[in-house]
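In this text the structure is predicted, and so the values were computed from the model without any measurement. Residue numbers begin at 1 in each chain, while the letters A, B, ... track the order of the sequences.
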Number of protein chains: 4
Amino acid sequence: MKEEVSTEQNIEEQWIEELLTLGKDEKLTPKQISILQAAIEVFSEKGYSATSTSEISQKAGVAEGTIFRYYKTKNDLLLAIVGPTMSRMLAPFVLRNFNGVLDMPYDSFEEFLRAFMINRLDFARKNFKILKILIQEIPFQPTVRAQFVENILSKILERVIDIVEHFKEKGEIIEVPTPTLIRFTLSSVVGYLMNRLLLQPDKDWNDEEEINLTIAFIMHGISKTTPPI
Amino acid sequence: MKEEVSTEQNIEEQWIEELLTLGKDEKLTPKQISILQAAIEVFSEKGYSATSTSEISQKAGVAEGTIFRYYKTKNDLLLAIVGPTMSRMLAPFVLRNFNGVLDMPYDSFEEFLRAFMINRLDFARKNFKILKILIQEIPFQPTVRAQFVENILSKILERVIDIVEHFKEKGEIIEVPTPTLIRFTLSSVVGYLMNRLLLQPDKDWNDEEEINLTIAFIMHGISKTTPPI
Amino acid sequence: MKEEVSTEQNIEEQWIEELLTLGKDEKLTPKQISILQAAIEVFSEKGYSATSTSEISQKAGVAEGTIFRYYKTKNDLLLAIVGPTMSRMLAPFVLRNFNGVLDMPYDSFEEFLRAFMINRLDFARKNFKILKILIQEIPFQPTVRAQFVENILSKILERVIDIVEHFKEKGEIIEVPTPTLIRFTLSSVVGYLMNRLLLQPDKDWNDEEEINLTIAFIMHGISKTTPPI
Amino acid sequence: MKEEVSTEQNIEEQWIEELLTLGKDEKLTPKQISILQAAIEVFSEKGYSATSTSEISQKAGVAEGTIFRYYKTKNDLLLAIVGPTMSRMLAPFVLRNFNGVLDMPYDSFEEFLRAFMINRLDFARKNFKILKILIQEIPFQPTVRAQFVENILSKILERVIDIVEHFKEKGEIIEVPTPTLIRFTLSSVVGYLMNRLLLQPDKDWNDEEEINLTIAFIMHGISKTTPPI
DNA sequence: TATGAATGAGTTTTCATTCAT
DNA sequence: CATGAATGAAAACTCATTCAT
């Protein structure tokens with residue numbers, strides 16, 4: 001009798017499975033998981049176009065034909081990987097604020113920022129490879145781009161606009177056009193994530209400290225003089 | 001007899017030529033220019049790996065073999081495009097400060113930032129397609145990445161560190177680790193450039209205003225309250 | 001409890017079963033019938049080589065493996081379809097004339113022709129798709145061709161030669177080499193069947209009239225002048 | 001120095017070239033001719049669907065990729081073979097009868113039939129393999145069928161109707177619906193060609209004699225008695 | 001120098017067939 | 001019996017690169 005121990009391998013597999021079955025009730029077969037794992041690995045390493053299906057099949061330990069039983073084309077395989085992850089990007093934004101009421105659980109913009117950064121750093125860390133694939137392919141895959149812009153980005157922005165304007169009204173943040181404020185904020189957050197995970201992943205980071213500094217920067221800038229209120 | 005008028009086409013060709021012959025004394029032949037133009041176009045549109053040399057040759061109006069007369073491999077063609085542009089990224093940083101003396105022509109960090117942003121926006125606008133190719137391929141082309149990190153990035157950082165520390169010493173900017181300060185600054189600048197050129201190129205931008213706002217943000221943040229000095 | 005009513009579907013199934021079990025005592029299972037029906041449909045529509053077994057299994061509503069349970073190879077499936085039909089082509093010729101005696105139930109060649117055409121039109125109509133498959137594949141499938149020539153064609157010809165020579169001896173038909181006479185006759189008959197079923201199946205045919213005309217043509221040609229006896 | 005002798009090989013190549021460049025001014029390259037020759041050979045032998053491009057390339061003595069330089073798809077290769085031959089089927093019918101005048105160079109239907117049969121036997125003999133491919137694929141290739149029906153068959157029939165009705169009016173042939181008369185005639189002609197070239201190509205045929213007999217059959221049938229005028 | 005025909009290894013994809021369940 | 005996941009060989013087609021002209 002096979003004893004099901006929770007090896008690291010198993011954990012990874014479960015993660016992939018949970019990750020890529022969003023909204024579907026089918027379970028993935030072990031071969032399917034291998035294929036997805038291998039594809040994520042190689043796509044993120046060499047890029048979608050530069051990856052051959054034969055390489056994926058080898059890495060996954062399945063026959064090449066098996067890939068095409070599950071995914072009609074190589075492009076379908078890509079979509080099966082990036083699609084659910086895109087949807088998950090939306091999650092923290094749509095959970096709240098249902099039925100039109102602005103349900104803001106944060107007392108200050110800083111508090112919101114901290115929660116947001118911690119949450120998204122965690123998400124990005126867990127989905128690092130897939131996000132890399134997604135970012136790489138958005139410029140080139142019309143299908144992916146359309147889905148991302150229409151279903152994800154616009155909805156996220158909608159929500160973020162609400163939040164920013166909420167705190168503008170409360171007098172917490174300055175009177176600058178909302179898109180510009182969002183750009184400032186996201187630049188700093190994304191800038192941190194990119195450095196943290198992509199450019200210098202091996203540096204010895206103190207995440208809490210860096211997040212605090214980043215938030216302080218977003219709120220107060222880097223000048224020693226007081227801002228010209 | 002063909003009269004050589006300075007058409008827009010010609011200007012573009014000269015630009016490409018100037019752009020891609022950095023540090024070499026050879027002149028580019030017309031065919032070579034066509035090839036480079038076509039390659040830049042298609043690489044930036046479909047990605048390096050997804051572009052076929054036959055497509056480039058067609059767009060360039062030359063025979064397939066001609067490409068390989070000038071560039072031994074498809075990869076060499078890529079390097080011929082991104083290489084000189086990488087070098088040019090370095091230019092504004094190395095022109096000054098030669099022979100070890102810190103020659104700082106800016107009276108304040110703000111002034112430096114403004115000059116920097118205007119200059120780099122101009123550069124990025126002119127080299128947009130090539131920069132897009134470069135950014136896309138850095139993760140996948142070890143040659144490109146190595147060259148970028150060793151010859152370009154490290155030298156830019158070196159210089160920027162000097163500048164930032166100069167103004168830290170002058171008491172203009174806060175006592176936060178220099179790499180973090182650089183990250184803040186570059187995140188905001190790059191964030192602006194990406195929005196401006198990549199994400200919303202068609203929006204009606206007021207560059208001067210946005211640059212001012214961005215600098216104000218970097219210096220003073222977005223909070224209405226004074227920073228806790 | 002399922003009541004077995006004799007729906008049109010059932011009739012079709014029985015027909016297939018009767019058709020394809022010639023000379024065997026096994027009964028076909030329902031799955032087998034589905035497979036054969038589907039295969040006949042798709043083979044006749046797209047051709048044997050251009051048909052995939054997966055397409056057949058889908059159309060038949062069975063698993064891919066099931067086909068290979070009944071028919072070891074795709075080619076065996078083809079043979080299972082065309083084999084019995086070939087045998088049935090022989091039927092009207094071998095029912096009579098057994099034990100060497102020329103048992104000729106027709107008083108005139110015309111009478112024979114009429115019976116023959118009516119009978120074969122009926123047969124061809126009922127077996128249209130299978131005959132189409134057979135005709136298409138005879139040139140390419142050595143197995144099929146050999147079986148057809150040795151077991152079917154030669155025996156049919158043998159019998160037809162007897163008949164034609166019988167009426168030649170009786171002085172009813174002209175003194176032309178028998179193979180040529182058979183060619184004349186079969187060309188006209190087959191020409192009618194092809195037009196009737198294959199080339200213009202949707203035309204509003206008056207079969208009795210056309211058969212009469214065809215027989216008149218075979219006997220007397222199309223000239224208004226009398227033949228030069 | 002290469003001596004250009006008119007070997008049988010050369011004659012065959014010229015024939016193919018002449019055959020397949022109908023209406024185009026490009027010349028075929030030697031490789032292209034090899035490819036076409038090989039494709040005609042194998043398609044007619046094994047059928048279009050059952051033939052692999054690798055087999056064609058081997059037989060043609062070229063690399064597989066070379067086939068696709070000339071013909072974008074396997075299907076294009078098929079069309080390049082059957083298209084011009086279809087057009088040539090039309091030739092003897094459109095040469096005459098231009099500008100609406102019925103220009104009938106034959107004094108009797110028999111004379112027309114003889115010329116027609118000799119001409120078409122010659123054509124079929126020369127184009128035997130291609131015609132075999134054409135006949136085999138017409139049922140399965142919508143493109144081929146459409147082209148055949150619209151551009152070829154309808155035009156041939158138009159012309160043949162004119163001819164048949166011309167001789168009906170002259171009182172040479174019987175008052176039977178023209179389509180039926182055409183069917184009689186073509187059945188006999190095609191029946192001869194099929195026997196001659198396809199079913200019994202190795203028999204020792206006396207073509208002149210057989211053509212005479214066939215024409216006599218079409219005109220007067222096989223009965224010894226006079227027709228019932 | 002420039003060409004473009006030719007290549008053959010490689011790509012994505014299909015498919016008849018097998019086999020553990 | 002029946003399934004359908006899995007296979008791997010082969011299919012159609014692509015592509016960077018070479019080379020004779």
Point to revise | C/Lys46 side-chain N/O to C/Ser52 backbone N/O, donor-acceptor pair under 3.5 Å | key: no
**Study point:** Spacing of CD1 belonging to B/Ile130 relative to CG belonging to B/Leu78, to within rounding of 0.5 Å
**Key:** 10.5 Å
Exercise for review: Kindly compute the distance separating CZ (B/Phe43) from CD (B/Glu55), expressed to the nearest 0.5 Å.
Suggested key: 10.0 Å
Revision key, fill the gap. note: B/Ile56, atom CD1; E/dG4, atom P; distance rounded to Å ~ 17 Å
**Study point:** Interatomic distance, D/Gln58 CD vs F/dA12 P [rounded to whole Å]
**Key:** 13 Å
Check your understanding: Any donor and acceptor pair, going by atom type alone, linking the side chain of D/Tyr48 with main-chain N or O of D/Asn75 inside 3.5 Å?
Key -> yes
Exercise for review: Can you tell me the distance, in whole Å, between the CG atom of D/Leu28 and the C1' atom of E/dA6?
Suggested key: 17 Å
Check your understanding: Rounded to whole angstroms, how far apart are CG on B/Leu78 and P on F/dA16?
Key -> 13 Å
**Study point:** From D/Ile133 atom CD1 to D/Glu41 atom CD, the distance as rounded to the nearest 0.5 Å
**Key:** 9.0 Å
Revision key, fill the gap. Here the gap from B/Leu28 atom CG to B/Ile33 atom CD1, rounded to the nearest 0.5 Å, amounts to 5.5 Å
Practice item. Using atom CD1 of A/Ile35 as one end and atom C1' of F/dA6 as the other, report the distance to the nearest whole Å. Key: 10 Å
Check your understanding: Can you tell me if D/Lys129 uses its side chain to pair, donor with acceptor, with the backbone of D/Ser44 under 3.5 Å?
Key -> no
Review point. Could you spell out the base pairing of DNA chain E in dot-bracket, with Watson-Crick or G-U pairs whose two distances are under 3.5 Å, [ ] crossing and | to another strand?
Key: .||||||||||||||||||||
Review point. Which atom names give the shortest non-hydrogen contact between C/Pro139 and D/Gln136, and what distance separates them?
Key: CG-NE2, 3.2 Å
Study note, to complete from the structure: NZ of D/Lys72 to CG of D/Leu79, rounded to nearest 0.5 Å, is 13.0 Å
Check your understanding: Where the side chain of C/Tyr70 meets the backbone of C/Leu77, is there a donor-acceptor pair that is under 3.5 Å apart?
Key -> no
Check your understanding: In residues 45-53 of chain A, which ones come under 4.0 Å of DNA chain F, going by heavy atoms?
Key -> none
Point to revise | Spacing of A/Tyr71 atom OH and A/Gln32 atom CD [to the nearest 0.5 Å] | key: 4.0 Å
Exercise for review: Within residues 136-143 of chain B, find the residues that approach DNA chain F with a heavy atom at under 4.0 Å, and present them sorted by residue number.
Suggested key: none
Study note, to complete from the structure: Residues of residues 63-76 of chain A with a heavy atom under 4.0 Å from any atom of DNA chain F, listed by number, are A/Ala63, A/Gly65, A/Thr66, A/Arg69, A/Tyr70
Side-chain polar contacts of residues 58-69 of chain B - donor-acceptor pairs under 3.5 angstrom, sequence neighbours left out - could you list them?
residue, atom, partner, partner atom, Å
B/Thr66, OG1, B/Ala63, O, 3.4

Point to revise | C/Glu55 CD - F/dG4 C1' separation (whole Å) | key: 18 Å
Revision key, fill the gap. Taken in chain and number order and not counting sequence neighbours, the residues that satisfy side-chain contact (heavy atoms from CB on, under 4.5 Å) with C/Gln147 are C/Met86, C/Asn151
Review point. Atom CD of B/Gln32 and atom C1' of E/dT3: how far apart are they, to the nearest Å?
Key: 16 Å
Practice item. Tell me which of C/Ser54 and B/Val62 sits closer to the 5' end of DNA chain E, going by the nucleotide each one is nearest to. Key: B/Val62
